[in-house]
Each structure stands twice: as structure tokens, then as C-alpha cells.
Amino acid sequence: YEFGVYGFLSPEMSNNFFDGSSVATWLGFSVTFLMRPVGGFVFGWFADRFGRRVACLVTMFGMLVATVGQGLVPTASCCGEGARTPGLVILLCLRVLQGVSVGGEIGPIVAYFAESAPHGRAALGTSFFLSSAVFAFVLASAAVQVELAIIGNDGMMSWGWRLPYLVAFVPGIITIWGRSKLPETPEFLMMKQAQAQEERDAAAAAEARETDASEDALPPGKRAAALVAGAALVNRAGVGQVLRHHALSVLVGFGSSVGGCSAFYSSIWATAHQAKRGLSQGQALWLSTVTMPVILVASIVLPWATDRWFDSDSRPLHTFGAVFVTLFAFPVFALLDAFPGDFWVAFVALAIVFGLAAGFGLTQAYHFCAELFPTNVRALGFGLTFNLAMSYIGGTSSLVESALDLEWHVAPGAYISALGLVSTAALLWCRRLRAQGRLPRYAPTGAEAIATVVEQAAGAQNEPAEHAGMRVDV
């Protein structure tokens, strides 16, 4: 919601804080994304160590402070010229806090969705993250548009820009209360129990080595557990351990996400930018109001189809989305350049076609990246893949495209198509790696399947030792 408000209020933010500079305004927007990986690393590790629920609660509080705080920042128009520089500094600090909080939330919340979804509905369940985000963009666009219609451009420029930030206070408090009531995911709880058992087995193995100088003194079942007790160290993995053990997952996840991330945030920049290409601000907001529902529909259709026909494997339709971005981004911007200021051309090309490209390109990335990592490093791994792509590619798209647009109005489309091509190549590489058995798919188990696994594990205690060892390996 806050990202949408800032984007839709870019003219007001530019005049109040950045002396009318479009590039500086979008640079202020990009600051948030530059800080997202910091939050992703810190809270990703935190969520993998202490739980998804607590991490999501802390990050939501940070987002609420940053959003409402921006509506209270002093400006030259309300507090005199002496407030201009302090106001800009405070604004940028709040955007830094926003970036750390949002970056810290995305890994834990996607892991929560993936691990809590019913069996066979993992792709659709995870897509609710994007669906709720798109709905928030629709609310942001509607809030700005309604307020603009009521108080006009002068009122918005003077003081009205503050209201969309301030009204987030009440729903933010409700969200914090709601998150405090959420249970932890069964898959995470099961992982923590397994970690505790592994640590007990490791201690037993160490004690046996000290007393008998050999692991053969352990019973067969304990000996099998001791062989994997070292996994307890990986369960405490940091960034270095994730890169060492899941390097291919990180490369594929990052590459597969860049096209959709760029297309999604470019849709915000492009609709706002049309106000400088001949459309009124009201018409540009109408484009945004239509674009986001189109993205919302696309973000539901592909995950539903993934669960229905692809056994919740996001890779095939994620590839389709990347190809869609590659093929259509450049023609969309070519049409906008050929018919500047034409609302209906912008409506069809930008709101409909590019909206579908943004939705198709992004919606599968969440579940796809979540499946690249096991439970014990899923939130941190997500931060190293999707979060990095969203931060440094998606988040800087508006800045890069503003600079490219100064040279050639079609250049932003070429940039987005090139990134779509990178994602397509990464996903085709993923297909090859999985065919070779070099890139596992760690499908989140889901609460129903976990119950079955627990029952099977309980019955496995009487199995022969070699069977027990095989079960541990699986």
C-alpha cells in the first residue's frame, strides 16, 4: 500500500521534497529497495531460527511506523524553508526503515503461506501474498484518486498527500493484532523437533566416541542418526552456508525473478509517467486502477492452473510468464511512444497487455523460489533470491527507466524485455538441472501431509536399521 501511495503521489512527493526532480523522486523510492536485502538477511535468518510468526509480527510493526511516519514529515510549505532539509532526511530514514521491514517480512510470510497451504494448493496459497499486495495497490490508487477528486491538485500538493499515509494507522493496528493470534506453521515446528532430536543424537555420538572411541558402540538406530547429526549445523546456517550448499538454487531463483519483478514495478512507474506524456493525473490514476485488477486476475489464474494441471510445480507456468514479459514489454512501450497522450491506446497496451505481463511474470516467482530451499533455510534462501531480485532489479526499475526514457521513450520496454529473457534462460536452465538431478525441488509439505509423515515415522521405529537409515536420507 505504501509503495503504491508513494508512486501515485510522485508529483506531490517531487515538489515537496525533491525540488521537482523526477529522477531524485524515484531515487527516493529506490532507497527502500536498496535496504530490503538487509531486512531479508536479518529476518530471514531470524524466521528460520525462531519462527515465521514472530518475524512477521516484528516486521509489520516496522512497516506501520514507516508508513504513518511519512504522513507526519515536516515540509517547507507547512514549517518554513528551515524544515526542507530535515524533512528530506526524515523521509529517507523512514523509507530505509520501510525497506528493512518489507525485506524482512517477505521471506517469512511467503514461507508461512507455502507451509500452511492445504496439500495440493501450495501454488495458489502462496499466490495470496501477491494478491493481497496487488489489492493494496488498488486501495492506494483509489485513495489517491478519490482524494484528488475532492480537494483538487492544489490541496493535494499542499497537504492532501499526507492523508493516504495517515489512514494506514487503523488497519495497521488491526493487522498487528491479527498476526499476534496466528499459530506457527506445522512444518517449522516439525523441523525444530527434528533439530532438537539431531542435537541429542550428536551429543550421544560424541559421548560414545569419548567412552568407546568408536561410533559402533551406538545402537543401529542411533548410529544412523549420528551419521546425519552434522545437519544440525546446517540448520543454523547463515548466508555463507546457504550459498555453499544451495548455490545453484540461489542463481536460478534470482535469475528467474528479475523479469517479473521489473515488470511489476515498471507498471507503477509507467502509469504514473503517462501524466508527463500527455495524460492528466486523473487519467493516469485510472490506468493504475485498471492495471492492478488485471495483475490480480493474472496472479490467481496461473497458480490455480499450476495446482490443477502441474502438481503444484511452478516452473512450467513461471516459464510461460517470463516468455510473456519478453515478448510484450517492448511492443507496449513502442505503442505508447507512437501514440503519446492517447488514453485508449494506453488503456489497452499498458493497463491490459502490460498488466497481464506483470501478473504472469511475477505471480509464480514466490512459490518457485520457496521450493528451491528446504524448510530450515527457506526464509533466508528466499531473501537471497526473490528479495534480491525485487530489491536491486524491480526496485530500481523506476530509476533506470526514468533515465532511459530521457534518451529514448521505447528504451524502458527494451530493458524489461531483456530482463524477461534472462528469466526465461534461468528457468530453462532449471529444467535441465532438475533433469540431471542437480537441483532438488523442496516442495513445502503442508499440514495434512505432515500428519501422514508423523504417522509413518511413528511406525518406522520397528523397521530394520538399514530401512531407518534410508528413511533419514529421504
Side-chain angles (χ1 to χ4, degrees), residues 1-16 22 25-26 28-29 32-33 63 66-68 70-71 95 98 102 129-153 155-157 159-172 175 261 263-300 332 336 343-344 346-359 362-363 394-395 397-398 401-402:
Y1 172 81
E2 187 273 331
F3 287 174
V5 167
Y6 187 101
F8 300 139
L9 289 176
S10 58
E12 288 77 12
M13 303 303 290
S14 178
N15 286 336
N16 278 285
S22 175
T25 302
W26 290 108
F29 185 75
T32 300
F33 290 88
M63 285 188 287
T67 301
V68 176
Q70 288 180 78
R95 297 206 61 76
Q98 188 76 279
V102 173
F129 178 85
L130 178 59
S131 301
S132 62
V134 172
F135 182 66
F137 276 109
V138 174
L139 290 178
S141 176
V144 173
Q145 189 172 356
V146 169
E147 188 182 1
L148 179 64
I150 294 174
I151 68 175
N153 290 324
M156 288 294 292
M157 194 66 68
W159 58 270
W161 63 270
R162 299 177 182 275
L163 296 182
Y165 293 108
L166 297 176
V167 297
F169 178 76
V170 173
T175 302
C261 291
F264 181 74
Y265 279 103
S266 295
S267 67
I268 301 173
W269 171 83
T271 52
H273 184 66
Q274 295 311 301
K276 295 188 175 183
R277 297 281 291 153
L279 298 183
S280 67
Q281 186 177 7
Q283 288 177 318
L285 286 171
W286 272 114
L287 286 180
S288 301
T289 304
V290 175
T291 300
M292 289 302 161
V294 171
I295 296 176
L296 179 62
V297 171
S299 70
I300 295 175
V332 163
L336 294 174
F343 175 78
W344 290 109
F347 180 87
V348 174
L350 193 56
I352 305 300
V353 177
F354 197 71
L356 288 174
L362 185 63
T363 184
S397 290
S398 56
E401 290 158 14
S402 293

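- Atom OH of Tyr265 sits about 8.5 Å away from atom CG of Leu362, to the nearest 0.5 Å.
- A distance of 9.0 Å separates OH of Tyr165 from OH of Tyr1, quoted to the nearest 0.5 Å.
- Closest approach of Gly71 to Arg162, counting heavy atoms only: O-NH1, 3.1 Å.
- Here the closest non-hydrogen pair linking Gly355 and Ile295 is O-CG1, 3.2 Å.
- The minimum heavy-atom distance between Ser14 and Thr25, with the atom names listed, is CB-OG1, 3.0 Å.
- Salt bridge Glu2/Arg95: present, at least one basic N to carboxylate O contact under 4.0 Å.
- Considering all non-hydrogen atoms of both residues, Ile352 and Val294 come closest at O-CG1, 3.7 Å.
- Looking at Trp159 and Ile151, their side chains come closer than 4.5 Å, going by heavy atoms from C-beta outward.
- The distance from atom CG of Leu336 to atom CZ of Arg277, rounded to the nearest 0.5 Å, is 8.0 Å.
- Ring geometry for Phe29 against Phe33 counts as tilted: the plane angle lies between 30° and 60°, on a 0 to 90° scale.
- Here the straight-line distance linking atom CG of Asn15 with atom CH2 of Trp161 works out to 12.0 Å at 0.5 Å rounding.
- Distance check: Phe354 CZ to Thr271 OG1 gives 10.0 Å after rounding to the nearest 0.5 Å.
- With hydrogens and angles ignored, the 3.5 Å screen pairs a side-chain donor or acceptor of Asn16 with a backbone N or O of Met157.
- Using cut-offs of 30° and 60° on the angle between ring planes, the pair His273 and Trp269 is parallel.
- The distance between the ring centers of Phe264 and Phe3 does not fall below 6.0 angstrom.
- Between Met156 and Leu148 the shortest heavy-atom distance is CG-CD1, 3.7 Å.
- Looking only at distances, no side-chain donor or acceptor of Ser141 sits under 3.5 Å from a matching main-chain atom of Phe137.
- In this structure, CD on Gln145 lies 4.0 Å from OG1 on Thr289, to the nearest 0.5 angstrom.
- Within a 6.0 Å radius of CZ in Phe343, other residues, nucleotides and ligands contribute more than 12 heavy atoms.
- Judged by distance alone, the side chain of Thr363 and the main-chain N or O of Gly359 form no donor-acceptor pair under 3.5 Å.
- The side chain to side chain contact (heavy atoms under 4.5 Å, CB included) test with Pro164 is passed by exactly one of Leu139, Val5, Val146: Val5.
- At least one donor-acceptor pair closer than 3.5 Å links the side chain of Ser299 to the backbone N or O of Leu296.
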Please evaluate residues Gln274 and Gln283 with respect to the criterion side-chain contact (heavy atoms from CB on, under 4.5 Å), reporting the C-alpha separation (whole Å), side-chain torsions for both, the decisive distance (0.1 Å), and the verdict.
CA-CA 9 Å; Gln274 295 311 301; Gln283 288 177 318; over 6 Å; no
